[in-house]
There are 2 protein chains.
Amino acid sequence: MPSDQTPWRPIPEDVSLATVAARAGVSVSTVSRIVNGEMRRASPATVARVLEAVEAVGYRPNPVGRALKRGQSQLVAMIAANLDNPAMATIASSTEAALREAGYVMVLCDTHDRPELQDEYLEAMRAQMVSGYVLVAAVPSPGLSELSASRAPAVFVNRRNPGGSGAFVGIDDRAAGATVADYFIDRGRRALAVVFPRLGSSASRDRASGFLARLRERGWADEAIIQAAGDGRSHLQIGYDAGSRIFVGSDAPDAILSVSDQIAYGLNRRALECGLKIPDDCELVSIDGTPLNQWVAPWLKSIEIPYALYGAEIVAGLQLIWRGAPFGERLLPCKFG
Amino acid sequence: MPSDQTPWRPIPEDVSLATVAARAGVSVSTVSRIVNGEMRRASPATVARVLEAVEAVGYRPNPVGRALKRGQSQLVAMIAANLDNPAMATIASSTEAALREAGYVMVLCDTHDRPELQDEYLEAMRAQMVSGYVLVAAVPSPGLSELSASRAPAVFVNRRNPGGSGAFVGIDDRAAGATVADYFIDRGRRALAVVFPRLGSSASRDRASGFLARLRERGWADEAIIQAAGDGRSHLQIGYDAGSRIFVGSDAPDAILSVSDQIAYGLNRRALECGLKIPDDCELVSIDGTPLNQWVAPWLKSIEIPYALYGAEIVAGLQLIWRGAPFGERLLPCKFG
DNA sequence: GACAGATTGGCAAACGTTTGCCAATGTCAC
DNA sequence: GTGACATTGGCAAACGTTTGCCAATCTGTC
């Protein structure tokens with residue numbers, strides 16, 4: 001609980017519409033209208049006088065007063081599953097930049113993948129009268145259903161809306177999986193494996209199933225492919241555990257698709273412990289491809305998801321929705337290399 | 001610019017003090033007082049009736065109205081230099097959790113280390129009437145000076161207030177550097193180096209100078225130690241570039257202190273390219289020690305900074321300041337391993 | 001000179017909250 | 001019965017903004 005006896009108060013934003021109005025010798029309403037660009041409601045002379053006064057006293061509209069009146073703040077909520085994941089941090093960073101550019105302020109919430117916390121945040125953000133929601137890897141929850149039903153402006157990122165439709169920014173996960181399948185086949189790999197979280201997002205699932213589907217198309221039997229699903233929250237651990245199962249015995253794969261960088265890190269660690277060298281003994285391809293890889297994991301080949309571009313797309317999506325235009329989904333192109 | 005013709009409006013928080021007041025048959029003021037815990041202003045019967053009504057209609061105070069009246073919102077601004085850095089992401093994540101716990105909402109701003117942007121954000125946050133500021137690796141700027149002068153509640157993290165005093169959460173950087181110096185000496189290392197950013201923060205400087213000072217204490221001449229200062233924003237690149245200078249020639253060091261993980265990543269990459277193996281050919285110790293290291297950089301030994309604990313300390317600091325208590329600095333203990 | 005119509009600008013209410021002040025009622029002692 | 005005093009609760013203003021509506025002035029035409 002915040003202390004009730006706060007000795008410090010923010011410097012009162014001593015310059016308000018009233019200050020400007022007084023200086024320009026007009027009423028508050030006139031200033032408000034001019035500040036909001038409604039120029040036709042005043043004579044050019046008045047407009048000039050008001051703008052001069054605005055400049056002179058350094059007036060900046062108070063977002064709180066405005067929010068109260070308009071019933072909507074300049075805040076946009078980003079509700080992310082796990083900030084500690086570098087991919088999410090990059091998304092957060094680029095979104096923040098794009099929002100600022102558009103005149104909004106980002107509020108960041110980390111749900112740690114927990115539905116109750118997600119709902120708590122959704123409620124809190126609604127109370128803050130946020131203008132929109134950015135849901136990064138949202139989990140199913142009652143509050144999320146309500147949100148969908150309320151038609152509030154929301155953009156889902158990475159994971160589609162678990163319960164229904166909604167604007168989406170991400171990549172073509174199935175195609176990404178398929179690309180890796182083609183790559184492995186064309187390289188003459190014979191023993192394939194795919195590692196993914198058992199309780200994963202739509203994204204994880206689609207990547208794995210796109211991979212398997214393409215293999216099937218090209219004549220591989222499902223049984224020929226090792227599928228290692230891992231439990232738990234940490235992709236690192238999932239990868240490590242999967243490695244424990246995959247790398248033992250004589251039928252170790254010679255090529256593995258890991259649906260995320262972190263799973264690949266875990267796999268590599270276990271591979272090292274088993275005396276296997278990647279990529280020499282077993283090729284490893286992940287889908288993520290954060291820039292850090294080239295520094296700390298040069299052994300990892302990746303489908304590179306352009307997370308740094310997400311922010312711009314997300315904000316473009318929000319803006320479309322705000323003006324009532326439809327925004328289905330935006331799948332960004334990936335580089336494979 | 002946000003569209004002016006927004007078709008969607010947040011569901012009006014249809015339940016306000018007035019709703020509760022009507023249902024309980026009392027005035028708005030009474031409800032307000034009771035909701036704020038001022039129980040003595042009403043008879044037990046009234047209190048009960050009001051609380052029942054609050055429950056029944058599901059009343060939640062509107063933070064915007066409250067902020068406008070109080071001149072202070074429940075928002076706390078975190079102004080960080082670079083979210084893409086995993087250490088900062090961890091700090092952001094833990095701070096966010098601690099703030100939520102305390103009933104606050106975190107607004108995240110990424111300055112990309114640019115003073116103008118930092119000032120823009122400081123101004124914007126002031127306009128939002130935030131309750132406090134968390135400045136992670138703040139850079140010197142006019143706005144920051146103003147902030148210090150205004151005595152606004154602020155906690156500096158990692159880097160001390162570049163212009164003056166202020167609450168600080170971090171580690172004992174000089175001691176960390178000294179620890180590494182002792183370690184190298186005790187391990188019998190003979191050719192030492194330290195790599196740091198030329199235009200670094202107080203933290204980087206202190207780590208390097210703590211290292212050098214301890215070496216001096218123990219009889220090493222400054223000239224005997226390779227000091228590689230790097231330019232630029234990216235620590236990865238700084239490390240890589242420093243490696244280019246350090247690893248060539250015959251007098252390569254057998255032990256290096258890197259003041260951050262990322263510099264160490266860059267160093268390692270360059271070492272590999274030079275055919276050197278870490279830690280066999282050259283021991284590398286960094287100060288940071290993010291958990292990711294054990295997965296992707298097992299070759300790296302680190303002073304581990306407990307970033308995940310920062311959030312709690314930061315919020316504790318803010319709360320002390322809010323209630324007028326002094327909060328100088330809090331140096332967290334590090335693990336070396 | 002009068003009237004229609006456009007132009008210009010102010011009044012006041014409203015958003016949801018907090019809080020100083022006052023009014024009404026109750027309690028007690030004399 | 002009267003006065004002092006505590007208890008209980010409401011009125012109304014204020015925070016900074018937006019906006020519907022009305023009033024005043026101006027422009028032009030007959």
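Lettering of chains follows the sequences in order, A, B, ..., and the numbering in each one begins at 1.
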Nearest heavy-atom approach of A:A137 to A:A81 is O-CB, 3.5 Å

So, does B:S201 use its side chain to make a donor-acceptor pair with the main chain of B:R159 at under 3.5 Å? no

Side-chain donor or acceptor of A:T111 paired with backbone N/O of A:Q118 under 3.5 Å: no

5'-most contact on DNA chain D (nearest-nucleotide basis), A:A18 vs B:A42, goes to B:A42

Just how far, in rounded Å, is [atom2] of [N] from [atom1] of [X]?
X     : N      : atom1 : atom2 : value
A:E38 : D:dG20 : CD    : P     : 9 Å
A:D14 : D:dT17 : CG    : C1'   : 17 Å
A:R60 : D:dG16 : CZ    : P     : 16 Å
B:N36 : C:dT19 : CG    : C1'   : 10 Å
B:M39 : D:dG9  : CE    : P     : 13 Å
B:Q72 : C:dT17 : CD    : P     : 18 Å

For B:R66 and for A:R49, locate the closest nucleotide of DNA chain C by heavy-atom distance; then report the residue assigned to the nucleotide nearer the 5' terminus. A:R49

With sequence neighbours excluded, residues passing side chain to side chain contact (heavy atoms under 4.5 Å, CB included) with A:P142: A:D119

Would you say B:R40 reaches D:dT7's phosphate, i.e. side-chain N/O to OP1/OP2 under 4.0 Å? no

So B:S43, base contact, sugar-phosphate only, or nothing? Heavy-atom distance under 4.0 Å. sugar-phosphate

Pick base, sugar-phosphate or nothing for B:V64, based on heavy-atom distances below 4.0 Å to the nucleic acid. nothing

Can you find a side-chain donor-acceptor pair between B:N161 and B:S148 that sits under 3.5 Å? yes

Distance check, rounded to the nearest 0.5 Å: A:Y104 atom OH versus A:S73 atom OG? 9.0 Å

Quiz question: going by heavy-atom distance under 3.5 Å, is there a donor-acceptor pair between the base of C:dG9 and the side chain of A:R41? yes

Could you pull out every donor-acceptor pair under 3.5 Å between side chains of residues 39-48 of chain A and any protein atom, sequence neighbours left out?
{"residue": "A:S43", "atom": "OG", "partner": "A:T46", "partner atom": "N", "Å": "3.3"}
{"residue": "A:S43", "atom": "OG", "partner": "A:T46", "partner atom": "OG1", "Å": "2.7"}

Short heteroatom pairs, N/O only, protein and nucleotides 11-15 of chain D, under 3.5 Å:
{"residue": "D:dC11", "atom": "N4", "partner": "B:S29", "partner atom": "OG", "Å": "3.0"}
{"residue": "D:dA14", "atom": "N3", "partner": "B:K69", "partner atom": "NZ", "Å": "3.1"}
{"residue": "D:dC15", "atom": "O2", "partner": "B:K69", "partner atom": "N", "Å": "3.3"}

